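Here is the structure we will look at, set down as structure tokens.
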2 protein chains.
Amino acid sequence: MSAADSTPGSGEQQDGCRTREVLDIVGDKWSLLVVRHLSQGPRRFTELKRAIDGISQRMLTVTLRGLERDGILTRTVRNVMPPHVSYELTPMGRTLREATAPLLEWSIEHLAHIDAARASYDARDRAPH
Amino acid sequence: MSAADSTPGSGEQQDGCRTREVLDIVGDKWSLLVVRHLSQGPRRFTELKRAIDGISQRMLTVTLRGLERDGILTRTVRNVMPPHVSYELTPMGRTLREATAPLLEWSIEHLAHIDAARASYDARDRAPH
DNA sequence: CGGAATCCCCCGCGATACTG
DNA sequence: CAGTATCGCGGGGGATTCCG
């Protein structure tokens with residue numbers, strides 16, 4: 001609720017703007033995938049790279065940096081040869097993971113339905129009569 | 001939990017790929033905002049356009065078409081002058097809205113923390129000594 | 001092994017103008 | 001009012017190369 005106003009037309013949906021912010025944080029192509037792949041424990045760079053299908057090393061680096069900057073994961077370097085860097089969710093990162101769980105379950109539950117809806121939509125305007 | 005597997009290392013994260021799919025559906029810049037603004041009932045095109053700050057008519061149209069195609073909302077045209085088109089969440093659309101609620105609450109709850117984390121991260125590598 | 005730097009392309013998206 | 005059509009750019013992100 002926060003400071004909800006009841007006057008529609010001017011200052012409403014202040015909390016709707018939060019949707020914008022959460023998307024700015026994890027709405028990119030890879031962040032949620034990285035978070036998800038860290039949910040079971042620390043992972044090394046190359047492990048993540050192999051686990052997340054299609055990600056480039058550049059985007060993995062960029063994504064990890066962003067999540068580290070946001071305090072969602074930690075980066076731990078062991079100064080040995082060869083280098084050993086591991087990434088791990090912070091407590092806040094784990095709460096993020098939990099917050100995304102419903103959305104994930106939703107997609108699992110409704111994906112078939114969506115495919116069907118798409119097919120029927122495409123058929124609809126392709127065969128006018 | 002759903003169909004959780006307990007064998008880490010090989011066949012895991014099959015469901016992690018769903019993260020990809022849900023992002024393909026609502027991970028774009030505007031979809032979740034539209035869904036959120038429809039959560040309180042049907043809205044007309046211009047209502048949405050004014051309510052969603054910064055959206056162009058083009059992107060509103062594109063986003064609405066996509067969500068309609070996915071079966072997340074319905075488009076109802078009343079053939080009058082001037083035209084009257086209203087959009088409304090389907091039952092599935094409402095479940096989507098509910099599934100995103102935790103993520104929204106998460107952002108509200110942690111946004112300040114994230115800003116702080118960013119500030120400290122930026123200060124960290126900007127002032128090496 | 002885990003990056004950083006560079007190049008470059010694609011397309012998401014905004015701006016503008018025109019229609020029924 | 002509720003769109004469609006067209007143009008143009010900015011930047012997200014892939015491919016490649018080099019480094020400690």
Side-chain angles (χ1 to χ4, degrees), chain A residues 9 17 19-35 37-38 42-70 73-88 121 124-126 128, chain B residues 19-20 22-35 37-38 42-70 73-88 121-122 124-126 128:
Chain A
C17 295
T19 309
R20 171 81 302 118
E21 320 207 46
V22 71
L23 286 178
D24 287 342
I25 296 168
V26 295
D28 59 283
K29 196 172 178 183
W30 303 108
S31 286
L32 283 184
L33 279 169
V34 169
V35 168
H37 278 271
L38 286 177
R43 291 288 185 270
R44 299 180 57 176
F45 186 88
T46 315
E47 287 181 307
L48 289 171
K49 173 140 175 39
R50 281 184 312 176
I52 301 173
D53 193 59
I55 197 171
S56 64
Q57 71 284 55
R58 172 183 142 76
M59 283 319 295
L60 181 54
T61 301
V62 169
T63 303
L64 287 168
R65 285 291 183 277
L67 293 172
E68 184 195 3
R69 185 169 107 101
D70 290 347
L73 55 79
T74 60
R75 176 174 181 265
T76 306
V77 182
R78 274 203 271 154
N79 240 339
V80 296
M81 273 303 289
H84 187 291
V85 181
S86 78
Y87 296 89
E88 183 173 16
Y121 182 94
R124 205 171 305 157
D125 66 358
R126 185 162 313 185
Chain B
T19 309
R20 171 84 298 123
V22 71
L23 285 177
D24 287 343
I25 296 168
V26 295
D28 60 282
K29 196 172 177 182
W30 302 108
S31 286
L32 283 185
L33 280 169
V34 169
V35 168
H37 279 271
L38 286 178
R43 291 288 184 269
R44 300 179 56 174
F45 186 89
T46 314
E47 287 181 307
L48 289 171
K49 174 140 174 40
R50 281 184 312 177
I52 301 174
D53 193 59
I55 197 170
S56 63
Q57 70 284 58
R58 172 183 142 75
M59 283 318 295
L60 182 54
T61 301
V62 170
T63 303
L64 287 169
R65 285 291 183 277
L67 292 172
E68 185 194 4
R69 186 169 107 102
D70 290 346
L73 55 79
T74 59
R75 177 172 180 266
T76 306
V77 183
R78 273 202 271 155
N79 242 337
V80 296
M81 273 304 288
H84 187 291
V85 181
S86 76
Y87 295 89
E88 183 172 17
Y121 181 96
D122 293 344
R124 206 172 305 156
D125 67 357
R126 183 162 315 186

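In what follows, chains carry the letters A, B, and so on, assigned in the order in which the sequence lines appear, proteins first and then strands, with residues in each chain numbered from 1. On a predicted model such as this, the values are computed, not experimentally measured, just so you know.
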**Item:** Stepwise side-chain contact (heavy atoms from CB on, under 4.5 Å) check, B/Trp30 with B/Leu60
**Value:** CA-CA 8 Å; B/Trp30 302 108; B/Leu60 182 54; over 6 Å; no
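- Closest to the B/Phe45 side chain, of the nucleotides C/dC1, D/dG3, C/dA4, is D/dG3.
- As rounded to whole Å, 8 Å separates atom C1' of C/dG3 from atom OH of A/Tyr87.
- Taking 4.0 angstrom as the limit, A/Thr61 places none of its side-chain polar atoms (N or O) nearer than this to OP1 or OP2 of C/dG3.
- Not a single side-chain hydrogen bond (donor to acceptor under 3.5 Å, both in side chains) links B/Ser86 to another residue, sequence neighbours left out.
- Rounding to the nearest 0.5 Å places CZ of B/Arg44 at 3.5 Å from NE2 of B/His84.
- The NE2 atom of A/His84 sits 15 Å away from the C1' atom of C/dG3 (whole-angstrom rounding).
- What separates NZ of B/Lys49 from P of D/dA2 is a distance of 12 Å, to the nearest Å.
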**Complete:** A correct 5'-to-3' footprint of nucleotides 7-20 of chain D, with B, S and - meaning base, sugar-phosphate only and no protein heavy atom under 4.0 Å, is ------BBBB---B
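- Residues A/Asp53 and B/Arg20 are not paired through a salt bridge, judged by the lack of any N-O separation under 4.0 Å between the basic side chain and the carboxylate.
- As rounded to whole Å, 10 Å separates atom P of D/dG3 from atom CZ of B/Arg44.
- Contact annotation: B/Arg75 side-chain N/O to D/dG3 OP1/OP2 distance is under 4.0 Å.
- Exactly one of A/Thr63, A/Val34, A/Val35 qualifies for a side chain to side chain contact (heavy atoms under 4.5 Å, CB included) with A/Leu73. That residue is A/Val34.
- For A/Arg75, the side-chain hydrogen bond (donor to acceptor under 3.5 Å, both in side chains) criterion is met by A/Tyr87, not counting sequence neighbours.
- Nucleic acid contact class of B/Arg65 (heavy atoms, under 4.0 Å, all strands): sugar-phosphate only.
- Rounded to whole Å, atom C1' of D/dC1 lies 14 Å from atom CG of B/Leu64.
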